[in-house]
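The sequence lines fix the lettering, A, B, ..., with proteins before strands; numbering per chain opens at 1.
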2 protein chains.
Amino acid sequence: MVGMTNTDRPRRCEPTRQAILQAARERFACEGYDRTTIRAIAADANIDPSMVMRYFGNKEQLFAAAAKFDLHAPDLSETPPEERADRLVRHFIRLWEGDLADSSLQILLRCALTNETAAERMRLIFAEQVIPLVTTGIDPDEAVERSGLVASQMLGLALCRYVLRLPAVVALDSERLATWIAPTIRRYLTEPRAPIPSAREIQAGNDFLNGKPAN
Amino acid sequence: MVGMTNTDRPRRCEPTRQAILQAARERFACEGYDRTTIRAIAADANIDPSMVMRYFGNKEQLFAAAAKFDLHAPDLSETPPEERADRLVRHFIRLWEGDLADSSLQILLRCALTNETAAERMRLIFAEQVIPLVTTGIDPDEAVERSGLVASQMLGLALCRYVLRLPAVVALDSERLATWIAPTIRRYLTEPRAPIPSAREIQAGNDFLNGKPAN
DNA sequence: ATTGTAGGCCAACATCTGTTGACATGTCCA
DNA sequence: TGGACATGTCAACAGATGTTGGCCTACAAT
């Protein structure tokens with residue numbers, strides 16, 4: 001039995017295991033990967049630090065276990081693309097508002113910037129859960145591009161509102177927020193690809209790049 | 001002279017000082033606050049770790065010095081709101097693409113999630129530089145709300161493309177990116193406030209929240 | 001030449017971190 | 001009763017990190 005972790009078979013020590021996991025999630029979510037210490041997690045779970053090691057091997061594997069989660073994304077394959085945006089935005093805002101229980105997003109956002117495991121998992125979740133979510137019924141060639149745009153807005157929202165807590169973004173109530181963001185997502189999902197910029201826009205852009213003043 | 005740092009008066013040791021600052025910026029930008037060590041910075045600058053302390057007091061103050069920067073935002077007060085979005089988006093994309101010299105954004109983004117000084121500075125920059133940038137010529141009552149929305153999209157873009165490096169977002173060439181993002185920003189800046197959602201949208205939202213299936 | 005001082009280096013400190021191994025306890029089965 | 005094994009505690013190690021103080025060297029002013 002030497003070298004065998006308790007991860008392997010079902011046990012009645014699950015309560016302890018869950019206590020560790022929950023403590024880990026909270027710590028990782030609000031302090032990031034580096035500032036979270038095994039000792040602090042153990043203290044939160046009222047056990048000895050060495051127990052954490054026995055249950056999860058090492059910090060990295062503990063994080064992997066704590067960051068394993070599902071988006072719980074709704075099945076939108078039946079929803080026409082025009083409505084999809086509204087449902088998507090409202091779904092995630094609602095999910096994130098009730099952040100007490102599920103801090104998965106915070107964990108990933110806060111850790112992905114310094115921990116490579118977290119970053120990799122973020123890309124994985126994006127590839128496996130976001131792209132398919134957005135893809136159904138959309139030209140597959142365009143799906144990746146559109147998903148990226150959707151992600152940029154949705155993650156930006158999550159970042160400003162729930163992690164950085166920029167006052168201006170926190171102040172908006174969730175309904176108004178959805179009303180602002182949903183059309184953006186709808187456009188990223190449905191607007192014909194490669195919209196041609198107007199001549200005026202091109203000119204403005206070029207002028208700007210060449211240092212000409214406005215007007 | 002005891003207790004006096006070299007910060008106070010002009011010196012001919014500026015080269016060393018600058019070397020430290022540059023090394024610090026690079027480390028902070030790509031490894032975040034916690035993973036960046038004084039020793040590593042010192043090694044990059046080819047000096048002794050204790051020199052860093054002498055020049056900047058402590059890690060926190062060094063970070064404060066390294067994270068002091070300006071957005072170099074263009075003056076858009078003369079630009080009509082409709083054009084402002086395009087110029088703004090293109091300005092920042094252009095700034096960020098040439099990231100070799102100026103990694104200011106990466107420093108802030110990567111450190112703001114774990115370091116309170118960085119987070120505070122982020123809010124400050126937002127309040128002092130972003131809001132005014134967007135405000136001119138817009139109803140001041142609406143400026144904060146609109147700025148927040150702009151920030152959510154622009155920071156989300158920066159996050160996905162330059163920090164998380166989500167392949168889907170990295171793949172887009174900058175021109176196409178600007179063409180996608182600019183209309184979003186334009187809407188956030190100019191669309192009449194509190195757009196009323198269509199009856200259908202409200203119904204879809206309620207249905208969804210109540211767990212009804214789509215269609 | 002002496003001296004004051006700024007710029008720089010070296011060695012060490014105290015602390016914190018992940019991690020390990022030895023030892024105690026408790027529980028279930030033979 | 002006794003032993004196997006899971007569950008948990010204690011103490012410690014080894015390495016890294018921020019930080020400090022002492023010492024050396026160059027050099028300009030006296």
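Classified by interplanar angle (parallel below 30°, tilted 30° to 60°, perpendicular above 60°), the ring pair B:Y33/B:F28 is parallel.
Judged by distance alone, the side chain of A:S103 and the main-chain N or O of A:Q106 form no donor-acceptor pair under 3.5 Å. Not one N or O on the side chain of B:T184 forms a donor-acceptor pair closer than 3.5 Å with the backbone of A:T184.
Ranking D:dT19, C:dC9, C:dT19 by closeness to the A:M53 side chain, first place goes to C:dT19. Closest to the side chain of B:Y55, from the set C:dG7, D:dC10, C:dG18, is C:dG7. Picking from D:dT19, C:dC9, D:dG8 the nucleotide with the shortest atom distance to the side chain of B:K59 gives D:dT19.
Of the two residues contacting DNA chain D, namely A:R39 and A:I47, the nearest-nucleotide position lying further toward the 5' end is that of A:I47. With the nearest nucleotide of DNA chain C identified for both A:T37 and A:D48, A:T37 has the one nearer the 5' end.
Contacts of B:S50 with the nucleic acid, taken as non-hydrogen atoms under 4.0 Å apart, include base atoms.
In this structure, B:E128 does not pair ionically with B:R121, as no charged nitrogen and carboxylate oxygen lie closer than 4.0 Å. Salt bridge B:R90/B:E97: absent, no basic N to carboxylate O contact under 4.0 Å.
For the pair A:N58 CG and D:dG15 C1', the interatomic distance rounds to 16 Å; values are reported in whole Å. D:dG18 atom C1' lies 17 Å from atom CZ of B:F63, rounded to whole Å. Protein atom CD1 of B:I41 is 11 Å distant from nucleotide atom P of D:dT17, rounded to whole Å. A straight line from CZ of B:R54 to P of D:dG18 spans 19 Å, rounded to a whole angstrom. We find that CG of A:D34 is positioned 16 Å from P of D:dA16, with the value rounded to whole Å. Look at CG on B:N115: it is 13 Å from P on D:dG18, rounded to the nearest Å. Between A:L62 atom CG and C:dG18 atom C1' there is a gap of 12 Å when expressed in whole angstrom units. Remark: P of D:dA6 and CZ of A:R17 are 14 Å apart, rounded to the nearest angstrom.
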